[in-house]
Protein chains: 2
Amino acid sequence: MAEPSDTPDSAPRLRIRLSYGDGQVMGPGKAELMEGIARTGSISAAGRAMGMSYKRAWQLVDTMNSMFANPLVSSSRGGAKGGGAHLTEAGEEVLAAYRALEEASRTAGAPALARLAALRSDMSDGK
Amino acid sequence: MAEPSDTPDSAPRLRIRLSYGDGQVMGPGKAELMEGIARTGSISAAGRAMGMSYKRAWQLVDTMNSMFANPLVSSSRGGAKGGGAHLTEAGEEVLAAYRALEEASRTAGAPALARLAALRSDMSDGK
DNA sequence: TTTCGTTATGTTTGCCGAAATATAACGTGG
DNA sequence: CCACGTTATATTTCGGCAAACATAACGAAA
């Protein structure tokens with residue numbers, strides 16, 4: 001029989017960053033930003049939704065675009081609504097792969113995470 | 001210059017951090033420091049090996065010790081060799097669990113990582 | 001041609017975390 | 001008891017990164 005109550009000890013957030021050489025890093029922030037862009041069709045709106053300045057959001061986009069073979073975000077300025085941005089096919093693929101990596105890690109790492117959770121809350125039972 | 005040799009393009013460094021509430025974070029830095037302590041029997045020596053000040057190393061140890069039910073590092077001062085430190089049983093368990101988490105993620109995430117690698121190097125396969 | 005919201009980019013300011021610096025306690029062995 | 005190397009901790013200094021501020025270009029529609 002399993003534990004009647006799973007530890008309310010807020011599950012830790014598992015953050016995965018992959019760093020290539022230089023300052024090229026893909027992590028949770030860029031992934032969330034990409035989702036925001038896909039949802040809103042705008043870099044600034046996506047940034048606002050995350051509570052970051054447009055400049056910062058744009059910088060992240062710029063970095064992302066330069067660290068893959070093809071740009072992940074395509075943008076245009078001017079026009080009826082001022083402009084906009086959307087994920088390229090490469091962008092959608094990168095986002096999907098990153099989310100898949102997260103999910104696979106969370107699943108495969110579940111036992112290890114459980115052991116760590118046990119070590120956080122008092123462990124009175126042996127190993 | 002504790003920078004490990006930059007990983008080849010096909011193998012980015014996979015960094016996993018688990019953040020519990022507050023500022024409590026377990027990541028690659030603390031794990032490496034724990035290994036250094038286990039190896040050298042000293043906080044300061046472990047810190048030196050990583051190119052960090054004793055103070056910073058001690059701060060990390062202090063944080064680690066306070067974020068689990070039991071301290072991960074036990075230390076003593078004075079004595080023949082001035083003092084020393086070693087991993088507690090809890091420390092060894094945490095370290096092992098963290099390494100297991102890393103390994104499981106790397107293995108389970110291999111397909112996703114491969115997809116990302118393909119998107120980094122130019123793939124001019126039309127679609 | 002004016003308006004509007006966005007993309008795009010430069011410059012300055014400010015702040016926080018890390019480093020540097022200083023000091024104390026400790027305890028075994030010579 | 002003194003020296004040594006370490007743990008332990010407070011205070012100050014400093015650099016880098018992010019926020020804040022500023023400005024320009026753009027293009028469709030009114």
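To find a chain, count down the sequence lines: A is the first, B the second, and so on, and within it residues start at 1. All values derive from a computational prediction rather than experimental measurement.
Checking G78(A) against D62(A), the closest nucleotide of DNA chain C that is more toward the 5' end is the one next to G78(A). Residue order along DNA chain D, read from the 5' end via each residue's closest nucleotide, puts G51(A) first among G51(A) and G82(A).
Without hydrogens or angle criteria, Y98(B) side chain to I16(B) main chain gives a donor-acceptor distance under 3.5 Å.
Here the shortest heavy-atom pairing between L18(A) and P12(B) reads CB-CB, 4.3 Å.
At a cut-off of 3.5 angstrom, counting only N and O atoms as typed in the model, there is a donor on one side and an acceptor on the other between the side-chain of K55(A) and the base of dT11(C).
Here the nucleotide nearest the side chain of Y54(A), chosen from dA8(D), dT7(C), dT6(D), is dT7(C). Listed nucleotides dA18(C), dT7(D), dT7(C) differ in distance to R77(A); the shortest reach to its side chain belongs to dT7(C). Closest contact between the side chain of A80(A) and the listed nucleotides dT7(C), dA18(C), dA29(D) involves dA29(D). Taking the side chain of R56(B) as heavy atoms from C-beta on, and the options dT9(C), dA19(C), dT6(D), the nearest nucleotide is dA19(C).
Annotation: side chain of R99(A) is not in contact with side chain of E103(A) (no heavy-atom distance under 4.5 Å). Here the side chains of M34(A) and K30(A) are not in contact, with every heavy-atom distance at 4.5 Å or above.
As a whole-Å value, the separation of I43(A) CD1 from dT6(C) C1' is 9 Å. If you measure from atom CD of Q59(A) to atom C1' of dA8(C), you get 11 Å, rounded to the nearest angstrom. To the nearest angstrom, P of dA19(D) lies 11 Å from CE of M50(A). Distance, L60(B) CG to dG17(C) C1': 12 Å, rounded to whole Å. H86(A) has its NE2 atom 16 Å from the P atom of dT6(C), to the nearest Å.
An OP1 or OP2 oxygen of dT7(D) is reached within less than 4.0 angstrom by a side-chain nitrogen or oxygen of S42(B). For dA8(C), the OP1/OP2 oxygens have a side-chain nitrogen or oxygen of W58(A) closer than 4.0 Å. One finds no side-chain N or O of S76(A) lying less than 4.0 angstrom from the OP1 or OP2 phosphate oxygen of dC26(D). OP1 or OP2 of dA18(C) has not a single side-chain nitrogen or oxygen of S53(B) nearer than 4.0 Å.
Donor-acceptor pairing under 3.5 Å is lacking for the side chains of T40(A) and S42(A).
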